[in-house]
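Chain identifiers are assigned alphabetically (A, B, ...) following the order of the sequence lines, protein sequences preceding nucleic acid strands; residue numbering begins at 1 within each chain. Any value given below was found using the heavy atoms of this structure, including those in side chains, with hydrogens, waters and symmetry copies removed.
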Amino acid sequence: MDYMSIIVIILAVLLILAAFFVIRSKDLVAAVVASAVVSLISSIYFYILQAPDVALTEAAIGVALTTIFFMITIRKTRRDEE
Amino acid sequence: MYQILEYAGMVVTTIGVIFLFLGGLGVLRMPDVYTRMQAGTKATTLGAVGAIVGVGMMHPEWFFKTSIIALFILLSNPISSHALARGSYKIGIKVWQKKKIDAYEDALKKVKKEEEAV
Amino acid sequence: MRKILAVFFIGVFGYYMLAILMDFPFGIDHLNPGLAGAYLKDTVSKTGAVNVVTSIIVNYRGFDTLGEVTVLFLAATGMSALLYDGKTMNRSRQNASVIVKAGSRLLFPLIIILGAYVFIHGHLTPGGGFQGGAIIASGFLLMFISYRNYHVSHRILSNVESTAGSVFVVLGLLGLLYGATFLENIMPLGIPNKLFSGGLIPLIYIAVGFKVGAELTALLDTMLKTVK
Amino acid sequence: MIYAFFGVAIAGLILAAIRFAIGPTVPDRLVALDTMTTITTAFLVLLGFFFERYIYIDVALIYGVLGFVGVLTMARYFEGGL
Amino acid sequence: MSRILFSFIVFFLFWVALTSSLDPQELGVGALVSLIIAFLAGKEITEDGMKNFSFRRIQYTIRYLFVFFWEMIKANLDVAMRIIQPVIPINPGIVEVPTKLKSNVAKLALANSITLTPGTLTVDIIDDKLYIHWIDVKSENPEENFKEISSVFEKYIKEIFE
Amino acid sequence: MMFDPVLMIALPLLAAFLIPVINRFSKAIPKYIPVVVIGFNLYESIMLLPYSMVKPVIVIIAGWQPPLGINLTIGPLGNILALMISLVGFVVAIYNIKFVTEEPTEKYYMLFLLIITGATGVVLTGDLFNMFVFLEITSISAYALTAFIRDRNGAEAAFKYLLIGGIASTMILLGIAIIYTYTGTLNLADIAQKMQYVDPKIALAAMVLLIVGFGVEAELFPLNGWAPDAYSQAPTPVGAVFGGIVVKAGVYGLARMIYTIFNFEGVFYFLMIMGLITLLMAEMSAMRQSQIKRMLAFSSIGQMGLVFIAFGLATQRGVEGALFQMLNHALLKPLLFLSAGYLVYYSGSKNIEDLDGMGRRKPFLAFFFAFGAFAIMGLPPLNGFWSKMIIISETIRNGFVIVAAFVLAGSVIEAVYYLRVVGRLYFKKHDDNQQEKYVHGSAIFAMSILVILAIVIGLYPDLVMQYLKPAAEELVNKSLYIQSVFAIN
Amino acid sequence: MVYYIASLSLILIGLYGVLVKKNLIKIVLSLSLINAGIHILLIAIGYIDGRTAPIFSTPELRPEQMVDPVPQALVLTAIVIGLAITALALTIVIRLYDHHKTLDVSKIRELKW
């Protein structure tokens, strides 16, 4: 058990919790913010797995663009899950 | 010379990382959004800048790129936390306070009145 | 009822997937000497690009990338077709504060340069056309959300998009014209790790960068503008 | 030494993540996300140092810039400016 | 013209720092890219153009940076002291601070400096009044606040940007 | 004269990219671009036929030999399907010229062009991941086209389709991940060669994931929930494209997976059972529909069920029957959809009841519809008869008498509901005199092409069968395919 | 190994969301979760212990020191395709909301699901 795998396990726990939060949260904005966290942690994963190209793409698309699409959609529809 | 720079870089990185941790702690412990923002912004900005510049000092040929990251963080972090503070004030999150001191509320009311008058 | 059924289904699916994944090799070189070995060995000498991922995307599997560009193009087309209303609307009601405005005005050109850097250096560093285009689009987004009346001409965007897309295909067809195959590298390879290397790869990535940037910007603008 | 850096930075990330989980309002979560983005940027630089690859720094650079755009967009959403 | 030249130089320096290389190919492409972007967007980032490179401004900038970093470190120590205590000693509120700065970029610099220094966070700017969330409110009088919070920076920023 | 086959994909893409610019200069030109470009594809795929029948044409892309780079592998099967796709695309493109008026029209033509390009790419490519990319092009343009008429049902159908399709695409990706892990390659022939060394348990999992993925486009039960809504809510020509093109691409993918890549005996029985269920469910549902386009959609699913049954036989003649049935379906379903589109347009209602007496008022249209209905039911001299006969006789010859009985029962049900509609067209009186609308010549021309082809194939089935034989052989005997890909090294 | 479990959990959570949730935006979010899980899985497949990214930025790097580049290339394509699907799905959601004034799937059913 080296240090790196401890970090990976911690990140995995955070990732799964964030994913749970996406599903559970009643507030759609909070869910979208949580999905940004999922994307953030998966980006760190790609980085650790020696895939900087993918990490960069995930950073460019996951953190900014996808989140923003969701935010615009929520802005144009409604925020609460009925 | 390189040796000195490397040790200095290590010290700077250590300080930075510690402040990153303190930033996280502050975000967790503070009582309301605005104070959390204070802790989060200040501590993590210095922390990140410290850690990044420290790495740049340990690897002198990385220095320029790392300082660009540091510059971006220095410029962008306060802006985003300002926008967040303004946004959360606008959706009606109250300031946690012992004594009531809120000059902004009155100013906003005034602005609103002027807009209605127009 | 539906929940129980779903949980049951997911349980079964998860069990089987887990059983399969447990046999998966992790962290060991299980394909030696597969496709990957060949790519790693030959890329620098045969394509001139240092970034193997880029050379796979643009050169070995360039056809995929053409398809990928098309997918994004499709999404943009589909969205603008679906949101088409025949009339345009104002973007937002609330003005941003002076700080945000000044900050985005300052950061905007720097972000654009950053995007250009990413797609020009696609064959040397991580990143490439898509990432660069996405960064440029984010730069425009910064302006859209800070300034109510910031206007980008859709005419120009769509022209850029069409031109860049056609350039990609035409670069591919050049190969046929010179008696080689579609998308084949017909330019000198250059010295690895210099900017001018990799033959067609940087050119294609520049075209892709422009195209993706224009597409995503147009997409964001349509989404922000139309419907209430 | 570098492992200690990782440990402390990850600890900061976890603390921010806890704040993210307990909320209570969405701006709270956004503050946590903002903090996490900044910590992640620094963490990626440290990881790049650990892997001894200069090119990895690009990812951190893009991450810092685009994380800012994402958070700013959400902040503008609350103002009603999206 | 002067504004475009100024922004061209800034962009080019940025590019060189980004590539960290003096290879002629990189420099040539960088010059091309910065030139294009300077023509398209260069007018927007500055109002004074080449005047920004005058000796006085550069000198003030350097002095300002030192002051700023010192204040920032103080701020962080201050935050750190507050965070690690069992009961956090705070008395927050939002106060008003006047400013004499006119240009937007100067206001941005001031607001950012204030946000990064001890116990303060800029919430909004309405005309020439800054609204600041202060973690430990000492007075409610705008003039006193001005002295306490922003007077240090304002004189440097005024020299640098105006 | 034969051009490089890669132009069949490159040129439509170029044209689609250029349409927005051309639209600036003239609003009238974009509607003719699909006709020209797909016409080129048609010409090209006909020219290719003599070559690909002898041995598969391998087109190298970017100058890399098969396992390294992507290559197009145009065997008899791929070529015939490409021919079918471009034929249907050509006809529908002609039909489009006057029919599409919904703004923004140039976007419609772009999407239309790309859906056909995607389907062509799926059937021509020899690379698994490339197939996935082209399948996504096809399905994403299909989602957009389903919602193209911006009414409430269109959006709902599109969302349903997108949801199922989105999950399917993730399943394909998962399957590709498993396959790549164990074979280390993405070339179809290479995978097929290496698949025999892979643990059967894992191969089975990969196959199930891929079948689920391609089954959505191929309308395999129970993944076909999207089809009736999408067919009926999309603009009419798009319904024809779904039936004639998108489904073909899905079936090709499915057949390629089952026959070439994996070798499991059991999957053929599974396919046959699923096909039977698909057939019966669809025909029963089609009986109950009151909207004509929905009815046609269910009928289309039923036809696909028949195709799956024939594929499930896994014999040379059975596969021939399946391919013949696909060809007939590709000719007749667009005919039915296109004529039904105009019928709906004239009667102003989607319901079958409102089509009364159309046979008198619109003899041409009613004739086209009736012809399509008779042919698809399998009335003897027409083309549908031959394919059904091959399938049924082959089913009986292999001992699946019960299956054959069910197929016959399904045919009877099919005949009942088609005759119901045809009867209404001709024998019901309807006497409100609506204003006369003109039937566009281009539409008549488009439908006539299909009718003539159907008659010719019905009279001389051997004309087609000589091409279908090598195609079926390619599927049944996979070593042929593998060898031809590696022969060029 | 941790990566496999994490990615599988993401896929399963996403599937659960798609199957059970009634909110349209939640469904689209769940789809993107599934995608994220598959991307992590693919990259983890290509990883080889102790090796570095497949970029020959300095001359002393050897091919034997590098991870498998193919999954990375595939994931890049897959991410862009996922973005396209998400964007289109959200557009359709906006359209649906315009017509029905609700995001609840169970209230939208005019067609039989």
task: May I have the step-by-step check of side chain to side chain contact (heavy atoms under 4.5 Å, CB included) for E/V29 and C/I120, ending in yes or no?
output: CA-CA 9 Å; E/V29 173; C/I120 289 173; 4.0 Å; yes

task: Compare every heavy atom of C/S97 with every heavy atom of E/D124, then report the nearest pair and how far apart it is.
output: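 Shortest heavy-atom contact: OD1-CB, 3.7 Å.
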
Tell me, yes or no, whether the heavy-atom count around [X] atom [atom1], taken from other residues, nucleotides or ligands under 6.0 Å, exceeds 12.
{"X": "C/F210", "atom1": "CZ", "answer": "no"}
{"X": "E/I58", "atom1": "CD1", "answer": "yes"}
{"X": "C/I191", "atom1": "CD1", "answer": "no"}

message: Counting C-beta onward and ignoring hydrogens, is there a side-chain heavy-atom pair between C/H121 and E/E26 closer than 4.5 Å?
response: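 Touching, per the 4.5 Å side-chain cut-off.
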
query: Can you find a heavy atom in the side chain of E/K107 that is under 4.5 Å from one in the side chain of C/I99?
result: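 No, side chains not in contact.
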
query: Which region of C/L107, side chain (C-beta onward) or backbone (N, CA, C, O), has a non-hydrogen atom less than 4.5 Å from a non-hydrogen atom of chain E, or is it both or neither?
result: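 Interface part for C/L107: neither.
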
E/T122 portion near chain C, given a 4.5 angstrom heavy-atom threshold: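 E/T122 touches chain C through side-chain heavy atoms alone.
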
task: Counting only heavy atoms closer than 4.5 Å, note whether E/F14 contacts chain C via side chain, backbone, both or neither.
output: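 It is the side chain, since no backbone atom gets that close.
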
message: To the closest 0.5 Å, what do you measure between OG (E/S34) and CD1 (C/I112)?
response: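 Between atom OG of E/S34 and atom CD1 of C/I112 there are 13.5 Å.
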
task: Could you tell me the separation between the CD1 atom of E/I37 and the CD1 atom of C/I113, rounded to the nearest 0.5 Å?
output: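 The CD1 atom of E/I37 sits 4.5 Å away from the CD1 atom of C/I113.
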
Which of E/L40, E/V33, E/T19 touches chain C most, by non-hydrogen pairs under 4.5 Å: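 Winner by heavy-atom pair count: E/T19.
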
- prompt: Yes or no on side chain to side chain contact (heavy atoms under 4.5 Å, CB included) for E/N104 and C/K101, after CA distance, side-chain angles and deciding distance?
  reply: CA-CA 8 Å; E/N104 284 348; C/K101 279 184 177 173; 5.7 Å; no

